[in-house]
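Nothing here was measured: the structure is a model prediction, and the numbers come from that model. Just so you know, these numbers use all the heavy atoms, side chains as well, and skip hydrogens, waters and symmetry mates. Sequential numbering from 1 along the given sequence is applied to the chain's residues. As the structure lists them, so they are numbered: ligands from 1, and atoms in each ligand from 1.
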Amino acid sequence: MKRVVLAYSGGLDTSVAIPWLAEQGWDVIAVAVDVGQGEDLATTIKRAELLGAVEARLEDARGRFVEGYVVPALHMNALYQNRYPLVSALSRPLISEVLVRVARETGASAIAHGCTGKGNDQVRFEASLSSLDPGMEVLAPIRDWDMTREDTISYAEERALPVNTTKSSPYSIDANLWGRSIECGVLEDPWSGAPEDIFELTAVAPGAPPFTEVEVGFETGVPVSVDGQDLGTPEVIGRLGRMAGAYGFGRIDMIEDRLVGIKSREIYEAPAALALIAAHMDLESMTLERGLAAEKRRLEPVWAELVYRGLWFSPLRDALDSFARTSQRSVSGEVRMRMGTGVCTPVGRRSENSLYNHSLATYGEGDSFAQSDAAAFTRLWSLPTTEWAKVTRSAG
Ligand code: ARG
């Protein structure tokens, strides 16, 4: 029988995809990829088998996700439309890498994903898969099927499929260690506030002190410590996310422009990502030379947009990553972050590569700045506009 490797999340769409593909005559190999979503993936794998997968595999990609995807995103302070830290957009190319490897290992001739035709994820999967293996057949059963979410829920209910999504809890959720996205249901009304029970990573913990300070350490742009304790980057992400999340920090409620032209209402919670980007940008402001910093800030949204739009495997992303890596050579030091209800903000920074020179900046004792140099400088600086003003004035 012909084999297909299915990217299996355990959610509604990929769960109904298993019996559906089987009905079309495919042997389904379900692959659940651990990208730090913090779910019980052993249960997910069992569910895939119950649903009729001939094989179900769990692939741990957390290390590769952090090193190869999250760290480059942090280097570029990546926020789509200035707000969304690309949580799902980062995992799709990595999941595609895993799918292609499993397809080769199992002799499968096709790869399937459970995305609808309305979202960005279909584009990210298909653009990644065709870059990694142009000959691979790609199936998109949910897109072909064209059912509403309610129809899909009914299909699952009629067949008593073991899925968690019900008509009363109709959310579409995607999560990994960089954050969590929540769509559908009441959230589709952009005027309605998000119900409190959709949040898992962000809620003010009762009895928390009004403020907490925490020191985050970076080594060439990579987060490596919390409060002076050396940790792996995944642990820094985890710890910081829990701390900031317990102050209710990290929620994003936005109208987002999808690649397919739709505006959608999106709720995210990404306490670690937003805290680390804020800290990292702050340390860069101390350690990057002015011209490099300005050019980097100009390129950051280019990177974010490229990755949002599914072009991870592109020469532009490669080239931008080389730029980013070079820029990070001096980005080492510590940032002191202050957390309070709904906020997490830098309040101190230090670095052995600091370009902040107290004797140049001070208005007090020990000033080494040559004030007299400034007089000639300002005359030459304003020379073009001074000359222009003289000529326009004399011309009336
Ligand atoms: N709108 C976000 C993005 O395009 C989130 C997608 C979440 N995916 C999902 N299947 N719920 O990155």
- Trace of the ring-ring contact (aromatic ring centres under 6.0 Å, His included) decision for Trp312 with Tyr69: CA-CA 10 Å; Trp312 179 271; Tyr69 292 82; 4.4 Å; yes
- What protein heavy atom sits nearest atom 2 (C) of ligand 1, and how far off is it? Tyr268 OH, 3.1 Å
- Task: Provide the number and element of each atom of ligand 1 under 4.0 Å from a heavy atom of Glu266.
- Result: 1 (N), 2 (C), 5 (C)
- Item | ligand 1-proximal atoms of Leu86, by part, heavy-atom distance under 4.0 Å | neither
- Any donor-acceptor N/O pair, Glu289 side chain to Gly291 backbone, under 3.5 Å: yes
- Note on the structure: If you scan protein heavy atoms around atom 11 (N) of ligand 1, the nearest is Ser172 OG, 3.0 Å
- Message: Taking only non-hydrogen atoms of Tyr84, do any sit less than 4.0 angstrom from ligand 1?
- Response: yes
- Taking atom 4 (O) of ligand 1 as the reference point, the nearest protein heavy atom with its distance: Asn120 ND2, 2.7 Å
- Between Arg3 and Glu55, is there a salt bridge with N-O shorter than 4.0 Å? no
- Task: Name the closest protein heavy atom to atom 1 (N) of ligand 1, giving the residue it belongs to and the distance to 0.1 Å.
- Result: Glu256 OE2, 2.9 Å
- Task: Decide whether the shortest distance between a heavy atom of Arg258 and an atom of ligand 1 is less than 4.0 Å.
- Result: no
- Item | Protein heavy-atom partner closest to atom 7 (C) of ligand 1 - residue, atom, separation in Å | Ser181 OG, 3.2 Å
- Query: Are the charged groups of Arg57 and Glu105 less than 4.0 angstrom apart, N to O?
  - Reply: yes
- Between Tyr308 and Arg124, is there a cation-pi geometry (under 6.0 Å to ring centre, at most 45° from the normal)? yes
- Would you mind telling me if ligand 1 is within reach of the side chain of Arg124, the backbone, both or neither, using heavy atoms under 4.0 Å? side chain
- Task: Decide, yes or no, whether a salt bridge links Glu295 with Arg298 under the criterion of side-chain N to carboxylate O below 4.0 Å.
- Result: yes
- Task: Would you mind checking which non-hydrogen protein atom is closest to atom 10 (N) of ligand 1, with the distance to 0.1 Å?
- Result: Asp121 OD2, 3.6 Å
- Task: May I ask you to say whether Glu188 pairs ionically with Arg149, meaning some side-chain N is under 4.0 Å from a carboxylate O?
- Result: no
- Message: For the residue pair Asp321 / Trp303, report whether a side-chain donor-acceptor contact shorter than 3.5 Å exists.
- Response: yes
